[in-house]
There are 2 protein chains.
Amino acid sequence: MTARRADAQRNYDLILATARTVVAEQGTQASLRDIARRAGVGDGTLYRHFPTRDALLEALLRQGFDRLAGRAAELAAALPPGAALRGWLTELVGGAQMYRGMPGSLVAVLTDTTSPLHEACQGMREAAAGLLRAAQQAGEIRSDIDETDALALINSVGWIAEQNPQLASRHDRLLAVVLDGLAA
Amino acid sequence: MTARRADAQRNYDLILATARTVVAEQGTQASLRDIARRAGVGDGTLYRHFPTRDALLEALLRQGFDRLAGRAAELAAALPPGAALRGWLTELVGGAQMYRGMPGSLVAVLTDTTSPLHEACQGMREAAAGLLRAAQQAGEIRSDIDETDALALINSVGWIAEQNPQLASRHDRLLAVVLDGLAA
DNA sequence: ACCTGAACACCGTTCAAGT
DNA sequence: ACCTGAACACCGTTCAAGT
């Protein structure tokens, strides 16, 4: 991929930047043809660089995942274990809501080792596992759940507001209910 | 609607029965054209009887909603308030999972008074509100939530398994976490 | 190597023409 | 009053033809 031809690299970047805009506007189910058209490339060019929709979303999200993994380390250093985990999960669900459909993509990919999104997810997963383990050892979080449970539940709360914008005002309370359920 | 012509009534029933099968197979996003084709009617006939996808889903679900409202009364009579609410919510999420996409339709319609699904939802809503109020007065459920919160959260747990079948084995545990979060 | 865009098989939705 | 199916404007995806 480092030996990419200059025009190919330019198109790759162009498609990705356009996809970021269009997905922010229309969600993860945005028309791929629309993305290609607005990027000014042929349909086939999009498919050459991103053979599946997940491949495109993956490229779109890798940055966000890396950032979240970094935030986990910061929070772990700054806060007690339970507060660090709760703070991190709260940031995660806020970030996933930036793109409509993202909680779904994230949950779908959580256990799918074949998806390109899964690889990008791993760093974040391990960060989640670390925070969770520490909070469990401190006796602040129930011991019968793992990081997959926590990520699935938190994203499901993000999904609610995206499914029905009128419920967005309830988001904080719903998140609090789930976090209380995770407590020991 | 009682003065429906015989052929219209026959088509209405035929479309609904076919939709039940197809939605069970393919979820709430099933192709409307496919439903019309398998019912043996023209595309326009489906639109005449069900002008929107929601109208079709509503007809499909009214029975289930009525049944759930009835179950609420049974559980309220047979169990202490907290157990009645928890049992009812557990049945609800099990039923909603029968059709892929149903938790989403239900949450979407929860606050939309214009949708035909909303009307069908009202009986169930009131049943939920009654169970919830009793459980809150008994001090078993936290007092800062309403039935909309409870229904949204429970359906979000149903959404998880539908989004990623590999997470289905975690369903009972995830439901337990949310129910614990709802406890006082 | 990479790009383009026509082509194919779908989809939701509408509406003139029939009975 | 109701039904039909062609028609329209989309969509995802592929692939021969170009550079």
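Chain naming here is simple, since letters A, B, ... match the order of the sequence lines and numbering starts at 1 in each. Just so it is clear, the model here is predicted, and its values are computed rather than measured.
Within a 6.0 Å radius of CZ in A/Arg133, other residues, nucleotides and ligands contribute 12 heavy atoms or fewer.
For A/Asn11, no side-chain nitrogen or oxygen approaches OP1 or OP2 of C/dC2 to under 4.0 Å.
Taking 4.0 Å as the cut-off between side-chain N and carboxylate O, B/Asp149 and A/Arg173 count as a salt-bridged pair. Using a cut-off of 4.0 Å between Lys/Arg side-chain N and Asp/Glu carboxylate O, A/Asp7 and A/Arg10 are scored as not salt-bridged.
Residues A/Asp66 and A/Met124 form no side-chain contact, since every pair of their non-hydrogen atoms from C-beta on lies 4.5 Å or further apart.
At a non-hydrogen distance threshold of 4.0 Å, B/Gly42, B/Asp43, B/Gly44, B/Thr45, B/Arg48, B/His49 from residues 42-60 of chain B come into contact with DNA chain D. Annotation: proximity of residues 26-38 of chain A to DNA chain D (heavy atom, distance under 4.0 Å) is found for A/Ala30, A/Ser31, A/Leu32, A/Arg33, A/Arg37, numbered in ascending order.
With a cut-off of 3.5 Å on both pairing distances, the Watson-Crick or G-U wobble partner of D/dT13 is C/dA7. Remark: D/dA1 base-pairs with C/dT19. Criterion, Watson-Crick or G-U wobble with two distances under 3.5 Å.
The OG1 atom of A/Thr28 sits 11.0 Å away from atom CD of A/Gln26, with the distance rounded to the nearest 0.5 Å.
A donor atom on one side chain and an acceptor atom on the other are not found under 3.5 Å apart for A/Asp112 and B/Gln166.
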Under 3.5 Å, side-chain donor or acceptor atoms of residues 38-49 of chain A against the rest of the protein: list the pairs with distances, not counting sequence neighbours.
from	atom 1	to	atom 2	distance (Å)
A/Arg38	NH1	A/Glu25	OE1	3.2
A/Arg38	NH2	A/Glu25	OE1	3.4
A/Arg38	NH2	A/Glu25	OE2	3.1

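Nearest heavy atom pair, residue B/Leu75 against residue B/Glu91, reads CD1-OE2, 4.1 Å.
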